[in-house]
Asks: 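Have a look at this one before I ask anything.
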Amino acid sequence: MSDKPHSKSAPAIVTRFAPSPTGTLHIGGARTALFNWLYARHTGGKFLLRIEDTDRERSKDEHVTAILASLKWLGLDWDGEPLFQFARADRHRAVAAQLLAAGSAYKCYLTPDELAAMRAKAEAEKRPYVVESPWRDADPATAPAHVKPTVRLRTARTGETVTNDQVQGRVVVPNKDLDDMIILRSDGAPTYNFAVVVDDHDMGVTNVIRGVDHLTNTARQTQVYNALGWELPAFAHIPLVHGGDGAKLSKRHGAQGTDEYRSMGYLPAALRNYLARLGWSHGDDEIFSTEQAIAWFDIVDVGKSAARFDFAKLSDLNGNYIRQTSDAELLEHLRACLAGVGSAADLTIAVDLKSPARPDLKLLKEVATVRPDLVSGVALLAAFDAVGATKLVAALPSLKERARTLPELAAGLLYLIAQRPLKLDDKAAKLIDADAKQALAGLIARFEAAEMWDASALEAIVREFAETQGLKLGRVAQPLRAALTGRTVSPPVFDVMAVLGREEALARLKDQA
RNA sequence: GCUCCCUUCGUCUAUCGGUUAGGACACCAGAUUUUCAAUUUGGUAAGACGGGUUCGACUCCCGUAGGGAGCGCCA
């Protein structure tokens, strides 16, 4: 991992991620965090965290906890302690007072009702709603005693405010379109666009990387920087992530919370890789390690257009990562995944029928056919734990070749917790006809005589049996699979038998013979 | 409505004035196979539209269309 500074003379890069704890970590937010993190790590700078909790109504501690947990799960470590914005209200007020004293801000006695009326009028007349406060130039002595004022920034009415954005390029906003923004509410609370500037400055943030939805805020924030005489950070407004239909990502598209992606069985490394490729690229590289992403990441390679979220591609990537991950580690990821999977009832509600089936939901449906007593990921996890890590790990190698998500892996493990006598699904039941029963009986005798109980020995037995009977291997292997797993699809049957063990495997075969 | 932004295969993207417009996912067909996958071979598929500039435009400029974001005493 490169911890070398970009260049010796340049000041250290400081980026930040500033989520608002009014909900869990949105997947789009996760990507914003990732870009900030990658850039900081790439340059050997710092990646800071700020919790924007100034909306006291909607901010919740549980959301803070959830957001931090999601960032950790994604492997995005931040430097230092998170800064809580609300705790800095005094500092914000002090800066506002400084602006007031300098004449760069003024008290405005316009009431919410008056503002609403102005707005309605503007809309009725179809002209842009730009507040022109009479208090900008009024004599403070004429202020009404009963109205608590807001504090507005006194901004230029002519000229233009220019943002040289590292992604969007030069963005120009005429100052006449920008009204005197409120920096302090009538209750003394700082507003977002003001607090952000003060905090970014105080935290020493050099690069602001955030979603384009903040682009128009930048002009206003620039005015604050200018009023304070502070140096502007570099801005990079990255494109948003949309759902598969091009509309803003929402529940309808399957999932928006990062924790849901964990439940759906995506590995953090795979999600990182996928998210990094959304809006950013390094030539034709598709699958790369986090170290490579850090080494390669640069803002200049971020594109301008919005990207659509594609679960198929994420799943493919995830399959690659699953295959690369060690069995022991995979088991840990599986645990974390299942621990977050609720009941099927929880999952069916919000999801659009047209969006791809959620892997976790699919798993739950499958579990219901094998073990109806297990109704949630947590219950399933307990059943797996009863089987023991040794068996689970032994079953993983042949399973992970074919799984794209963790729930698929869990589904493949289901034969281990199926209870005898197995309930065969329709296709499997069909496979066990009279001929098959006869073959099974013949095989059972040979299996009982087997000296070794491992996949290759078992395969040799079956191959020989098939040959002497003049049968194709498939004619014998398929009924075996059906009897052992209750399904027509499973990992190679000989692996299944080896993992199941002699006693259980024979018992299952006898149940069907 | 006003302001700003975006537009290459279905999707993510490469291309930084000269390419048979490349890769990945998805899809289709073949090989392999005890099932499903994985693997492997091949294939379908794109510069929104209209004008310029230029010897030459996907690349630069203008317009049109479509999409997105923002316009709060929310963040």
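Residue numbers begin at 1 in each chain, while the letters A, B, ... track the order of the sequences.
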Asks: What's the closest nucleotide to the A/I182 side chain, out of B/A75, B/U34, B/C73?
Replies: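 The answer is B/C73, which lies nearest to the side chain.
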Asks: Are A/D90 and A/R93 within salt-bridge range, i.e. N to O under 4.0 Å?
Replies: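 Salt bridge flag = yes for A/R93 with A/D90.
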Asks: Determine the contact category for A/L110: base if any of its heavy atoms lies under 4.0 Å from a base atom, sugar-phosphate if only primed atoms, P, OP1 or OP2 are that close, otherwise nothing.
Replies: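 Contact class for A/L110: base.
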Asks: Heavy atoms from C-beta onward define the side chain here; which of B/U34, B/C5, B/A37 lies closest to that of A/K304?
Replies: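 Ranking B/U34, B/C5, B/A37 by closest atom to the A/K304 side chain puts B/C5 first.
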Asks: Would you call A/D202 and A/R88 a salt bridge, taking side-chain N to carboxylate O under 4.0 Å as the test?
Replies: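 Here A/D202 pairs with A/R88 in a salt bridge, since their nearest N and O are under 4.0 Å apart.
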Asks: If you measure from the Lys or Arg side-chain nitrogens to the Asp or Glu carboxylate oxygens, is any gap between A/E132 and A/R136 under 4.0 Å?
Replies: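 No, no charged N to carboxylate O under 4.0 Å.
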Asks: Could you tell me whether A/D179 and A/R152 make a salt bridge, using a distance below 4.0 angstrom between a side-chain N and a carboxylate O?
Replies: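 A/R152 and A/D179: not salt-bridged.
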Asks: If we take the P atom in both B/C28 and B/U44, what is their distance in whole Å?
Replies: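 These two P atoms come out 16 Å apart once rounded.
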Asks: Both distances below 3.5 Å, Watson-Crick or wobble geometry, any strand: find the nucleotide opposite B/A75.
Replies: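 Base partner found: none.
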Asks: Using the C1' atom as the point on both nucleotides, what is the distance between B/A46 and B/U19, in whole Å?
Replies: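 Comparing C1' positions in B/U19 and B/A46 gives a spacing of 15 Å.
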Asks: Taking the minimum atom-to-atom distance to the side chain of A/N217, which one of B/G70, B/A37, B/A75 wins?
Replies: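 Minimum distance to the A/N217 side chain belongs to B/A75.
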Asks: Heavy atoms from C-beta onward define the side chain here; which of B/A37, B/C73, B/C5 lies closest to that of A/Q168?
Replies: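 The listed nucleotide nearest to A/Q168's side chain is B/C5.
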Asks: Please state the C1' separation for the pair B/A24 and B/A14 - nearest whole angstrom.
Replies: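 Those two atoms are separated by 11 Å.
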Asks: Distance between the C1' atoms of B/C5 and B/U41, in whole angstroms?
Replies: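 B/C5 and B/U41 have their C1' atoms separated by 44 Å.
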Asks: Has A/R487 got a side-chain N or O lying under 4.0 Å from the OP1 or OP2 atom of B/U35?
Replies: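 False: A/R487 side-chain N/O out of range (4.0 Å or more) of B/U35 OP1/OP2.
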Asks: Is any side-chain N or O of A/R308 under 3.5 Å from a base N or O of B/U11, one able to act as donor and the other as acceptor?
Replies: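 Donor-acceptor pair under 3.5 Å: no.
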Asks: Given the rule in the side-chain contact (heavy atoms from CB on, under 4.5 Å) test, do A/D53 and A/V64 qualify, once you have shown the distances and angles that lead to the verdict?
Replies: CA-CA 9 Å; A/D53 56 350; A/V64 174; 5.9 Å; no
Asks: Looking only at the side chain of A/D316 (C-beta and beyond, no hydrogens), which of the listed nucleotides B/A26, B/U34, B/G23 gets closest?
Replies: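 In terms of side-chain proximity for A/D316, the closest of B/A26, B/U34, B/G23 is B/A26.
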Asks: Could you report the tightest heavy-atom contact between A/I322 and A/A403, atom names first, then the distance?
Replies: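 Closest approach of A/I322 to A/A403, heavy atoms only: CD1-O, 4.1 Å.
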Asks: I want to verify a distance call: between B/A69, B/A26, B/C4, whose nearest atom is closest to the A/L215 side chain?
Replies: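 Per side-chain heavy atoms of A/L215, the pick is B/C4.
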Asks: With a non-hydrogen cut-off below 4.0 angstrom, is A/R404 in contact with a base, only sugar-phosphate, or nothing?
Replies: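 A/R404: backbone/sugar contact only, no base atoms under 4.0 Å.
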Asks: With a 3.5 Å limit on both atom pairs, tell me what B/U59 is paired to, counting Watson-Crick and G-U wobble, or say none.
Replies: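 WC or wobble partner does not exist here.
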Asks: Using the P atom on both, measure B/G23 against B/C9 and round to a whole Å.
Replies: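 Comparing P positions in B/G23 and B/C9 gives a spacing of 16 Å.
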Asks: I'd like a table of atom pairs between the protein and nucleotides 43-47 of chain B - only N or O on both sides, under 3.5 Å - with the distance next to each one.
Replies:
none

Asks: Say we look at B/U54 and B/C60: how far apart would their C1' atoms be, to the nearest angstrom?
Replies: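 About 10 Å, rounded to a whole number of Å.
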Asks: If we call it a pair only when both distances are under 3.5 Å in a Watson-Crick or G-U wobble match, what pairs with B/U39?
Replies: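 B/A31 - that is the nucleotide pairing with B/U39, both distances being under 3.5 Å.
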Asks: Name the nucleic acid region contacted by A/R323, choosing base, sugar-phosphate or nothing; use a 4.0 angstrom heavy-atom cut-off, strictly under.
Replies: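 Sugar-phosphate only.
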Asks: Looking at every strand, decide which applies to A/H237 at a 4.0 Å heavy-atom threshold: base, sugar-phosphate, or nothing.
Replies: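 Counting heavy atoms under 4.0 Å across all strands, no contact is made by A/H237.
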Asks: Would you say the base of B/C12 and the side-chain of A/K313 have a donor-acceptor pair closer than 3.5 Å?
Replies: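 Indeed, a donor on one side and an acceptor on the other fall under 3.5 Å apart.
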Asks: How far does the C1' atom of B/C27 sit from the matching atom of B/A69, given to the nearest Å?
Replies: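 Result for the C1' pair: 33 Å, nearest Å.
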Asks: Quick one: look up who B/G47 pairs with, Watson-Crick or G-U, both distances under 3.5 Å, and put none if it's unpaired.
Replies: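 Pairing partner, where one exists within any strand: none, as none qualifies.
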Asks: If you take all heavy atoms of A/R157 and A/D180, which pair is closest and at what distance?
Replies: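 Nearest heavy atoms, A/R157 then A/D180: NH2-OD2, 4.5 Å.
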Asks: Hey, does A/V493 reach any base, or is it just sugar-phosphate, or nothing, if we go heavy atoms under 4.0 Å?
Replies: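 It contacts base atoms.
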Asks: Is the A/F309 ring parallel, tilted or perpendicular to the A/Y274 ring (thresholds 30°, 60°)?
Replies: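 Taking A/Y274 first and then A/F309, their aromatic rings stand perpendicular (interplane angle over 60°).
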Asks: Using only heavy-atom distances, decide whether a donor-acceptor pair under 3.5 angstrom links the side-chain of A/D284 to the base of B/G22.
Replies: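 Such a pair is found, so the answer is yes.
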Asks: Pick base, sugar-phosphate or nothing for A/S315, based on heavy-atom distances below 4.0 Å to the nucleic acid.
Replies: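 Nothing, no heavy atom under 4.0 Å.
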Asks: Quick one: which of B/A14, B/A38, B/C73 gets closest to the side chain of A/E401?
Replies: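 Nucleotide nearest to A/E401's side chain: B/A38.
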Asks: Are A/D360 and A/R358 within salt-bridge range, i.e. N to O under 4.0 Å?
Replies: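 Salt bridge flag = yes for A/R358 with A/D360.
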Asks: Would you call the rings of A/F447 and A/W453 parallel, tilted or perpendicular, taking 30° and 60° as the class edges?
Replies: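 Taking A/W453 first and then A/F447, their aromatic rings stand perpendicular (interplane angle over 60°).
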Asks: Would you mind pulling out the nucleotide paired to B/U15, Watson-Crick or G-U wobble, both distances under 3.5 Å?
Replies: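 When the pairing criteria are applied, nothing turns out to pair with B/U15, so the answer is none.
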Asks: Kindly indicate whether the side chain of A/S186 and the base of B/C73 share any N or O donor-acceptor pair separated by less than 3.5 Å?
Replies: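 Answer yes: a donor N or O sits under 3.5 Å from an acceptor.
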Asks: So what does A/F494 hit on the nucleic acid, given a heavy-atom distance under 4.0 Å: a base, only sugar-phosphate, or nothing?
Replies: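 Base, at least one base heavy atom under 4.0 Å.
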Asks: Checking contacts here: which listed nucleotide (B/A75, B/C73, B/A14) is nearest the side-chain heavy atoms of A/Q85?
Replies: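 The answer is B/A75.
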Asks: Just name whichever nucleotide pairs with B/A21, Watson-Crick or G-U, keeping both distances under 3.5 Å, else none.
Replies: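 Base-paired to nothing in any strand shown.
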Asks: Nearest to the side chain of A/T191 - B/A75, B/C25, B/A37?
Replies: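 Nearest to the side chain of A/T191 among the choices is B/A75.
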Asks: Indicate, with a heavy-atom threshold strictly under 4.0 Å, whether A/S281 touches base, sugar-phosphate, or nothing.
Replies: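 A/S281: backbone/sugar contact only, no base atoms under 4.0 Å.
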Asks: Do the ring planes of A/Y39 and A/F297 sit parallel (below 30°), tilted (30 to 60°) or perpendicular (above 60°)?
Replies: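 The arrangement is perpendicular - the two ring planes meet at more than 60°.
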Asks: Considering Watson-Crick and G-U wobble pairs with both distances under 3.5 Å, what does B/U54 pair with?
Replies: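 The base-pairing partner of B/U54, which may sit in any strand shown, does not exist here.
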Asks: Report which part of the nucleic acid A/D53 touches: base, sugar-phosphate, or nothing (heavy-atom distance under 4.0 Å, all strands).
Replies: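 Contact class for A/D53: none.
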Asks: Is the Lys NZ or Arg CZ of A/R487 less than 6.0 Å from the centre of A/Y415's six-membered ring, within 45° of the axis?
Replies: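 Geometry flag: not set, cation outside 6.0 Å or 45°.
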Asks: Base, sugar-phosphate, or nothing for A/G279, non-hydrogen atoms under 4.0 angstrom?
Replies: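 Sugar-phosphate: the residue A/G279, judged by heavy atoms under 4.0 Å, touches backbone atoms but no base.
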Asks: Pull out every residue in residues 407-416 of chain A that has a heavy atom closer than 4.0 Å to any atom of RNA chain B, ordered by number, or say none.
Replies: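 Going residue by residue through residues 407-416 of chain A, none turns out to have a heavy atom under 4.0 Å of RNA chain B.
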Asks: Please state the C1' separation for the pair B/A75 and B/G70 - nearest whole angstrom.
Replies: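 Those two atoms are separated by 13 Å.
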Asks: Within the structure shown, what part of the strands sits under 4.0 Å from A/P491 by heavy-atom distance: base, sugar-phosphate, or nothing?
Replies: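 Base contact.
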Asks: Regarding A/V130, tell me which of base, sugar-phosphate or nothing describes its non-hydrogen contacts under 4.0 Å with the strands shown.
Replies: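 The answer is nothing, as A/V130 stays clear of every strand by at least 4.0 Å.
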Asks: Decide whether A/N217 and A/Y192 meet the rule of one side-chain donor and one side-chain acceptor closer than 3.5 Å.
Replies: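 On atom types as modelled, these side chains do not qualify, holding no pair under 3.5 Å.
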Asks: For B/G66, which nucleotide is its Watson-Crick or G-U wobble mate, given both distances must be under 3.5 Å?
Replies: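 B/G66 is paired with B/C6.
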Asks: Applying a 4.0 Å non-hydrogen cut-off, can you work out what A/R277 is touching in the nucleic acid: base, sugar-phosphate, or nothing?
Replies: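 If one applies the 4.0 Å heavy-atom cut-off, A/R277 turns out to touch a base.
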